[in-house]
Amino acid sequence: MNILLVYAHPNPCSFNRAILEVLDGALRERGHATCIHDLYHMQFRATLDGEDLARNWRGDLADDTRAEQDAVRWAQGLVFIYPVWWFGPPAILKGWIDRIFTRKFAFDFGPSGMRGLLTHERALVINTLGGDEATYQREGWQGLLVRPMAEGILGACGVRQVVYRAFYQVPTVSPVERQAMLAKVRELAATF
């Protein structure tokens with residue numbers, strides 16, 4: 001399977017980077033073809049401006065938008081790896097979605113409303129968080145983490161199955177706990 005890994009973390013030494021490297025290696029070991037789009041390394045222009053919006057509606061997309069859409073088309077599976085900041089993705093990833101998941105590419109409107117156009121069988125969303133899982137459960141915040149990306153973006157755009165995995169307390173866990181987290185990342189690759 002062709003898998004596009006969209007990665008959004010500005011620190012090349014982050015635990016998110018370790019997740020990316022372990023997942024990419026494990027997917028390749030299983031015979032998948034992978035392509036990594038490191039949005040910070042690419043210096044992806046994340047602002048959807050008025051010109052972009054007008055071009056989108058005309059179907060005259062910017063070159064970088066077309067290139068990213070080609071990468072999404074190439075892929076049969078999508079992976080998103082990013083930290084959760086203020087209950088959402090880093091701005092660069094939100095901007096990537098705004099600029100790449102355009103009307104007539106990722107979705108369109110018809111008589112019955114919006115319909116998804118992406119044909120990917122599956123996507124995997126991996127997040128890291130600083131907070132502890134018990135607090136997120138107690139406060140009912142887990143839905144705030146999962147639903148916007150899994151349902152509001154990927155599901156609405158047609159992706160059939162979205163698997164979500166969060167790793168909590170990343171800044172404060174021990175090296176042994178981090179290794180256990182990376183073992184879970186390898187398990188995710190085995191089921192992709």
Side-chain angles (χ1 to χ4, degrees), residues 1-44 46 61 63-84 88-90 92-102 105-107 116-129 145-168 170 177-192:
M1 176 185 292
N2 294 341
I3 302 172
L4 176 64
L5 295 95
V6 181
Y7 172 73
H9 198 292
N11 181 351
C13 299
S14 71
F15 186 62
N16 281 260
R17 186 70 193 192
I19 290 170
L20 173 66
E21 290 172 1
V22 166
L23 184 64
D24 182 49
L27 289 169
R28 287 175 180 269
E29 285 172 9
R30 288 177 165 60
H32 298 289
T34 63
C35 182
I36 297 171
H37 283 216
D38 179 339
L39 301 182
Y40 283 97
H41 182 74
M42 294 165 57
Q43 297 181 329
F44 182 77
L61 302 175
D63 290 342
D64 62 341
T65 298
R66 285 191 190 283
E68 291 300 295
Q69 287 181 347
D70 287 345
V72 173
R73 278 188 197 95
W74 167 84
Q76 297 156 309
L78 301 171
V79 174
F80 295 87
I81 301 170
Y82 59 93
V84 172
I92 199 167
L93 177 56
K94 177 61 168 76
W96 184 89
I97 293 164
D98 290 346
R99 292 194 62 229
I100 306 312
F101 283 16
T102 60
F105 172 72
F107 70 95
L117 300 178
L118 297 181
T119 59
H120 302 81
E121 287 297 319
R122 62 184 51 188
L124 172 61
V125 178
I126 301 176
N127 292 151
T128 58
L129 298 99
L145 304 176
V146 178
R147 294 192 71 199
M149 185 65 147
E151 296 174 31
I153 297 169
L154 296 172
C157 288
V159 178
R160 290 169 193 55
Q161 178 188 5
V162 180
V163 174
Y164 177 82
R165 182 66 167 99
F167 295 105
Y168 295 88
V170 168
E177 290 168 303
R178 284 182 181 222
Q179 289 306 311
M181 291 175 180
L182 293 176
K184 292 190 184 302
V185 169
R186 285 184 197 89
E187 290 173 15
L188 290 169
T191 60
F192 198 88

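Values below: all heavy atoms of this structure, side chains included; hydrogens, waters and symmetry mates excluded.
We find that Arg73 and Asp70 are joined by a salt bridge, their nearest charged nitrogen and carboxylate oxygen being less than 4.0 Å apart. Here Lys94 pairs with Asp98 in a salt bridge; the nearest charged N to carboxylate O distance falls below 4.0 Å.
Side-chain contact between His120 and Val72 is present, with heavy atoms from C-beta onward closer than 4.5 Å. You'll find the side chain of Tyr40 reaches within 4.5 Å of the side chain of Pro90, heavy atoms only. The shortest side-chain heavy-atom distance between Leu93 and Tyr7 does not fall under the 4.5 Å cut-off. The closest side-chain heavy-atom distance from Lys184 to Leu188 is not below 4.5 Å. By the 4.5 Å heavy-atom criterion applied to side chains, Leu154 and Phe80 are counted as neighbours. Val79 has its side chain out of reach of Thr34: every pair of non-hydrogen atoms, C-beta onward, lies at least 4.5 Å apart. Residues Leu39 and Tyr82 are not in side-chain contact: their nearest non-hydrogen atoms beyond the backbone lie 4.5 Å or more apart.
Pairs engaging residues 153-168 under the side chain to side chain donor-acceptor pair (under 3.5 Å) rule: Glu121-Arg160, Arg122-Gln161, Asn127-Tyr164, Gln142-Tyr168 [sequence neighbours left out].
The line from SG of Cys35 to CD1 of Ile3 is 11.5 Å long, rounded to the nearest 0.5 Å. Between Phe44 atom CZ and Arg99 atom CZ the span is 4.5 Å, to the nearest 0.5 Å. Note that CD1 of Ile100 is 4.5 Å distant from OG1 of Thr65, once rounded to the nearest 0.5 Å. Distance check, rounded to the nearest 0.5 Å: CZ of Arg178 to OG1 of Thr128 gives 9.0 Å. Rounded to the nearest 0.5 Å, atoms CG (Asp38) and CD (Gln43) are 10.5 Å apart. Between the CG atom of Leu23 and the CZ atom of Arg186 there is a distance of 10.5 Å, given to the nearest 0.5 Å.
Not counting sequence neighbours, the partners of Glu21 by the salt bridge (charged side-chain N to carboxylate O under 4.0 Å, His left out) test are Arg17. Residues passing the salt bridge (charged side-chain N to carboxylate O under 4.0 Å, His left out) test with Glu29, sequence neighbours excluded: none.
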>> Would Ile19 and Leu182 count as a side chain to side chain contact (heavy atoms under 4.5 Å, CB included) here? Give the steps.
In response: CA-CA 6 Å; Ile19 290 170; Leu182 293 176; 4.0 Å; yes

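Contact between Ile81 and Leu20 at its shortest, heavy atoms only, is CD1-CA, 3.7 Å. Nearest heavy-atom pair across Pro12 and Pro10 is CD-O, 3.4 Å. The nearest pair of heavy atoms linking Gln69 to Thr102 is NE2-OG1, 2.8 Å. Taking each heavy atom of His32 and Phe192 in turn, the nearest pair found is NE2-O, 3.7 Å. Between Phe101 and Cys157, the shortest heavy-atom distance links the atoms CD2-SG, 4.1 Å.
Between the side chain of His37 and the main chain of Met42, no donor-acceptor pair closer than 3.5 Å is present. A donor-acceptor distance shorter than 3.5 angstrom exists from the side chain of His9 to the backbone of Asn11, with no hydrogens or angles considered.
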